[in-house]
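Note sheet for the following structure.
The shown structure was predicted, so the numbers you read here are calculated from the model rather than taken from an experiment.
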Amino acid sequence: MQTHAIVLEAPERLVLSRLDLEPPGEADAVVDIEYSGISTGTEKLLWNGRMPSFPGMGYPLVPGYESVGRVVEAGPASGLKAGDRVFVPGAKCYGPVRGLFGGAASRIVSAGSRLTPVSEALGEKSVLLALAATAYHAVADAGKRTPIVPPDLIVGHGVLGRLLARMVVVAGFPPPTVWEINPARQHGAEGYAVVAPQDDARRDYRAIYDVSGDAQILDQLVMRLAPGGEIEPAGLSTEQKHI
């Protein structure tokens with residue numbers, strides 16, 4: 001069994017390759033990928049070679065942890081059946097080519113326990129499941145604290161920033177303020193305000209959640225904190241500014 005896959009052979013060297021897939025076992029499922037998102041944080045670091053070293057890191061590799069596809073073959077112990085639509089958080093099924101994270105391929109083999117069934121109605125939006133889970137856990141953790149301190153400033157109105165802001169509203173917390181300097185990304189707010197940092201005079205935020213990807217703004221954020229406030233980095237940092 002083979003697949004077409006996006007392969008990063010080395011930093012800044014990307015190819016489309018045909019790779020052999022490892023044979024599926026009884027607990028595995030074979031999935032034909034329909035949609036695959038691209039992370040502008042994680043996968044940008046893989047592309048430019050700045051991803052910190054950790055177990056499994058190295059080239060060549062297949063990226064992708066935001067994929068959705070259709071099960072075409074399911075082992076008896078996989079917990080799935082042919083025809084199921086599932087979210088694919090990645091796959092390690094390419095032999096000597098690393099699966100980091102391994103979802104950017106036309107077909108993958110994965111343990112059924114790693115795949116999450118998703119609604120047909122979600123379509124391509126299903127690729128947001130991992131980011132939605134990140135936003136959900138950030139808000140849920142805030143709700144478990146004593147006293148409860150939900151995010152009241154979110155830095156960045158990209159996909160993760162939007163999900164995080166909407167989770168705060170849905171959870172019943174006071175609507176957060178969201179900073180965004182790119183006019184093209186200031187639209188789409190639902191129940192909260194999006195402003196440019198220079199238009200916000202507030203300096204008493206209790207919980208600032210930074211999803212900007214900009215590692216150079218920490219000093220600016222500290223100046224906006226109330227005494228005893230905290231800054232939560234909720235995304236990978238790159239050299240480019242996204243707030």
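Taking both residues in full, the closest heavy atoms of I231 and P233 are given as O-CD, 3.6 Å, listed atom of the first, atom of the second, then distance. Of all heavy-atom pairs spanning P176 and I154, the tightest one is CG-CD1, 3.9 Å. Contact between S36 and S67 at its shortest, heavy atoms only, is OG-OG, 2.8 Å. When every heavy atom of I148 is checked against every heavy atom of R206, the shortest pair comes out as O-NH1, 4.2 Å. Taking all atoms of both residues into account, the shortest heavy-atom contact from A29 to V71 is CB-CG1, 4.3 Å. The two residues E9 and Y59 make their nearest non-hydrogen contact at O-CB, 3.4 Å.
Under the 4.5 Å side-chain contact rule for hydrophobic residues, F173 and L160 share a cluster. Put simply, L115 and Y35 are part of two different groups of oily side chains (I, L, V, M, F, W, Y) that touch within less than 4.5 Å, one to the next. The hydrophobic cluster containing L14 does not contain I33, counting ILVMFWY residues as joined when their side-chain heavy atoms lie under 4.5 angstrom apart, directly or transitively. Follow the hydrophobic side-chain contacts under 4.5 Å out from V86 and you never reach V118; the two are in separate clusters. With hydrophobic clusters built from ILVMFWY side chains whose heavy atoms lie under 4.5 angstrom apart, V15 shares a cluster with V62.
Interatomic distance, CG of D28 versus OG of S113, reported as 8.5 Å (0.5 Å rounding). Rounding to the nearest 0.5 Å gives a distance of 7.0 Å between CG of L153 and CG of D200. The CE atom of M223 sits 14.5 Å away from atom CD1 of I217, with the distance rounded to the nearest 0.5 Å. Going from atom CE of M51 over to atom NZ of K44 covers 12.5 Å, rounded to the nearest 0.5 Å. With rounding to the nearest 0.5 angstrom, the CG atom of L8 is 10.0 Å from the CG atom of N48. In this structure, CE in M167 is found 8.5 Å from OH in Y136, a value given to the nearest 0.5 Å.
Using a 4.5 Å heavy-atom cutoff, the side chains of R13 and W47 are not in contact. Contact annotation: the side chain of V195 never approaches that of V178 to less than 4.5 Å [non-hydrogen atoms, C-beta and beyond]. Side-chain atoms of E73 and M1, non-hydrogen and from C-beta on, do get closer than 4.5 Å to each other. The closest side-chain heavy-atom distance from Q220 to W179 is below 4.5 Å. Considering only heavy atoms from C-beta on, T3 stays 4.5 Å or farther from I108 through its side chain. Between T177 and D152, every side-chain heavy-atom pair lies at or beyond the 4.5 Å cut-off. Counting heavy atoms from C-beta on, the side chains of V194 and R185 never come closer than 4.5 Å. No side-chain heavy atom of L16 sits under 4.5 Å from any side-chain heavy atom of V7.
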Verdict with supporting geometry, Y65 and S39, side-chain hydrogen bond (donor to acceptor under 3.5 Å, both in side chains): CA-CA 8 Å; Y65 64 91; S39 168; 3.2 Å; yes
Test log, rule salt bridge (Lys or Arg N to Asp or Glu O under 4.0 Å), inputs R70 and D32: CA-CA 5 Å; R70 187 81 60 183; D32 281 351; over 6 Å; no
side-chain contact (heavy atoms from CB on, under 4.5 Å) between V30 and R107, worked out: CA-CA 7 Å; V30 180; R107 173 170 286 190; 3.6 Å; yes
Step-by-step side-chain contact (heavy atoms from CB on, under 4.5 Å) determination, H157 to R162: CA-CA 5 Å; H157 199 226; R162 292 166 192 257; 3.4 Å; yes
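In this structure, S17 contributes its side chain and L19 its backbone to no donor-acceptor pair below 3.5 Å. With hydrogens and angles disregarded, no donor-acceptor distance shorter than 3.5 Å links the side chain of E230 to the backbone of A207. Of the possible polar contacts, none joining the R85 side chain to the L122 backbone as a donor-acceptor pair under 3.5 Å is found. Judged by distance alone, the side chain of R224 and the main-chain N or O of R203 form no donor-acceptor pair under 3.5 Å. The main-chain N or O of P63 is never found under 3.5 Å from a side-chain atom of E43 such that the two would form a donor-acceptor pair.
When each of V88, V68, L129 is checked for a side-chain contact (heavy atoms from CB on, under 4.5 Å) with T116, only L129 meets the rule.
Relative to the ring axis of Y205, R202 places its NZ or CZ within 45° and under 6.0 Å from the centre.
Within 6.0 Å of the CD atom in E26, the count of heavy atoms belonging to other residues, nucleotides or ligands does not exceed 12.
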Validation: residues 89-102 side-chain donor-acceptor distances under 3.5 Å, sequence neighbours left out:
unit_1	atom_1	unit_2	atom_2	d
Y94	OH	G102	O	2.5
R98	NH1	G56	O	3.3
R98	NH1	M57	O	3.3

